[in-house]
Amino acid sequence: MPPRAWIATALQWARTLALTTLFLALGRVLDAALNATDTTGGLILGAVAGAVAVICSGIAASVPPRLRAVEELRWRGSGIRAALNRDPAGTATGAARGASRVASRPPAPSHAGAAHGRAGGGRPAGRAGGGRPGMGEADLLTGGVERIAEYRAEFLGPALAAFTAPALVLLMLGSFVDPIIAVVLLVLVLLVPLLVRFFLKRFRGPTAAYRRLAGAATAKFQEVLRSLGGLVLLGAEDAGRRSVAEAAAALRVQAVALLRRSQLMILVNDALFSLVMITSAVGLALWRFQDGAITAGDFLAVVLLTTLLYEPIDKLGRSFYVAMAGRTQQGLFTQTLSTPGEATSRTPAETAAESPAQSPAQPLAQFPARTSAQTTELLRLEDLGVDRGGERVLRGVTLSVTRGAAIAVVGPSGAGKSTLAQVLQGLIPHATGELLLEGRPADSTALQQAAVTVAQKPFIFSGTVAENLRLARPEATDDQLWEVLTQARLDAEIAAKPRGLATQVGEDGGALSGGQIRRLAIARALLSGAKLLILDEPTADLDRRAERLVDETLRGLAGDHTLILIAHRLATTRWADQVLVLEAGEPAALGNPEELLAQSGYYAQATAGEGEDR
Ligand SMILES: Nc1ncnc2c1ncn2[C@@H]1O[C@H](COP(=O)(O)OP(=O)(O)OP(=O)(O)O)[C@@H](O)[C@H]1O
């Protein structure tokens, strides 16, 4: 549960306590009036309790909308980062080798998978390639994230209150009015968790089916829109229209089924908890009153307090649909993208959103000045081996990466450089050996959160420079954008454009040069706050001038940032702290560039070869 949801729960408890006091006070006032004694004490207590209840209600109502915004930012930011970081082809078995790098080819439309919303392996189908979120993921990142945020912000807190606040009421009822009535009502209240479990089970299947069909319908619609030109040329518009209509019809049927179940839930809730609870309470109170066990004021208090028992349950019943939709989306999101950590691993988005006053002037906290702490080890690879397509393509890799180090990975084609990069991003598993992140065995989620890749052909969408940067951190201020542009040595070129950060760049960076796109992608990676930057041949296909600029940028980052540089051109690795030479899937050498140049291995030979090429 998000930490702020606890605040809503605590406020709900305070409100329940205040209302309980108010109702008990009203009972005392009635008794005092009937006995013609002084009512002032009861009235004052009631007034104070009523005021506290109103204040608590007001504050409690303001928490969920704000928490919802925070959760939306957190989940969407994490999902976008996961989508941008992931190599779609690398996870597919037997995929073409050239397609195995992150975004190593331009995004290509996918038609086949999109129609089904989700494909094997639990990933949404229809991925547009190159790390760009696919259509199923687009649905998850928009509507899906809204459902998750709604569930986490508006359901979890009230749900906890609904299960616990009645205990407060019953405790006070038992202590101040009549323990027998309290015990009987307790039995009725205890039926609630059983019923909720029953309904959760019954709803899970239909809700998941509904979300799947909704994703498929969205994907189908987008697919038809995208291929409209082709469909018109082929005279096949009707086929496109029919396929969208079929997806929409299937969705409608599922939506009606879901609504039917939802109505049933509301009916049962109303019948059981409103009607049964109130009539039981009145009957019990009447019986105890006739026996002389309680007074008329107690009778009034019992009836009023019973409304408090079913009020949270009533609210819970009405937002049951929110819970089912949110839980389903959260499950899909976790399977296909990532899960933002809770308070222990807060994303920059969350941190900034939760303390907006600090965020504008805040330096990018994840890139503090170099301190002694940064000399500690960020990554350790021990005798690492990786299998692909049933073969061991990487073996015996041992490497220690300290914070702030720049490690170049070089080697002939097919040596395993990209494979190693993908393992470090958590995209493919290692088969043998150990991979430790900050001293702990690293799973794919931890690696995906820690590392960000700057691909050879980074994904740039049609929008402004600022929008492209904010993909990594939606709430970043303009100052923070300029800060990373400065670090990426792109600030002067963007500032020179008449519209600055609002400069429009075309799809795949049409309005920017190749070198500017790389530096924009580097700036975006810096903005993401990842601990490890993996650069996949950052200077490939650039002319010498652009290569020099990107090279200078990376050189400037070294020391303050931990870099893994996959490089073909060895001239761009001369400033690296360490160079790992891979040959035929095995480490052939490891050392600083000067040491390796002094030896007669691959590094010295290939560097000499580059000199001759010039
Ligand atoms: N998706 C895949 N499925 C099966 N084998 C793969 C896959 N991707 C790469 N390989 C194999 O793994 C080995 C290492 O490939 P990798 O792409 O890591 O090399 P590389 O050093 O990055 O090569 P290059 O410099 O040409 O990009 C090669 O034998 C390659 O055929």
Side-chain angles (χ1 to χ4, degrees), residues 85-108 110 113 119-121 123 127 129-131 379 381 383-399 401 407-433 435 444 447-448 451 453-458 518 532-542 547 563-573 576 578-590 596 601-603 605-607 609-610 613:
N85 268 352
R86 199 173 49 220
D87 169 11
T91 52
T93 51
R97 236 203 47 56
S100 69
R101 290 200 193 94
V102 175
S104 61
R105 56 187 178 159
S110 158
R123 287 179 184 283
R127 172 177 292 289
L379 268 181
L381 285 63
D383 199 19
L384 203 81
V386 180
D387 292 343
R388 300 197 91 162
E391 273 180 47
R392 177 122 324 162
V393 296
L394 211 55
R395 64 193 80 79
V397 181
T398 295
L399 182 68
V401 182
I407 311 284
V409 181
V410 304
S413 184
K417 305 182 291 293
S418 298
T419 299
L420 181 61
Q422 287 169 27
V423 171
L424 297 183
Q425 291 163 68
L427 298 173
I428 53 174
H430 57 280
T432 58
L435 175 49
S444 62
L447 289 167
Q448 282 174 21
T453 301
V454 177
Q456 232 183 73
K457 291 201 172 129
R518 303 293 159 90
L532 177 68
L533 262 60
I534 298 174
L535 300 123
D536 190 357
E537 311 216 3
T539 58
D541 306 328
L542 296 183
E547 177 184 296
L563 308 176
I564 303 276
L565 185 66
I566 309 294
H568 261 153
R569 277 200 30 84
L570 304 191
T572 61
T573 66
Q578 296 251 72
V579 178
L580 171 67
V581 182
L582 290 177
E583 284 184 73
E586 289 187 39
L590 176 66
L596 295 186
Y602 170 85
Y603 192 77
Q605 287 166 15
T607 304
E610 278 178 8
D613 289 347

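The analysis underlying the following values was restricted to heavy atoms, covering all of them including side chains, and did not include hydrogens, waters or symmetry mates. First listed ligand is number 1; within each ligand, the first listed atom is number 1.
Ranked by closest heavy atom to atom 22 (O) of ligand 1, the top entry among Gly414, Ser418, Gly411 is Ser418. When the heavy atoms of Arg388, Lys417, Glu537 are ranked by distance to atom 25 (O) of ligand 1, first place goes to Lys417.
Residue contacts with ligand 1 for Thr419 involve both N, CA, C or O and side-chain atoms from C-beta outward (heavy atoms, distance under 4.0 Å). Residue contacts with ligand 1, taken as heavy atom pairs separated by less than 4.0 Å, involve His568 solely via side-chain atoms from C-beta onward.
Shown are Leu420, Val401, Leu381, Thr398; of these, the side-chain contact (heavy atoms from CB on, under 4.5 Å) with Leu580 is made only by Leu420.
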Report the C-alpha distance between Leu447 and Leu424 in whole Å, list the side-chain angles of each, state the deciding distance to 0.1 Å, and finish with yes or no for side-chain contact (heavy atoms from CB on, under 4.5 Å). CA-CA 7 Å; Leu447 289 167; Leu424 297 183; 5.6 Å; no
Test Leu399 against Ile407 for side-chain contact (heavy atoms from CB on, under 4.5 Å), laying out the working first. CA-CA 10 Å; Leu399 182 68; Ile407 311 284; 4.2 Å; yes
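Residue Ala415 places at least one N or O, backbone or side chain, under 3.5 Å from an N or O of ligand 1.
For Thr572, the side chain to side chain donor-acceptor pair (under 3.5 Å) test picks out no residue, with sequence neighbours left out.
Between the CG atom of Asp536 and the OG atom of Ser418 there is a distance of 5.0 Å, given to the nearest 0.5 Å.
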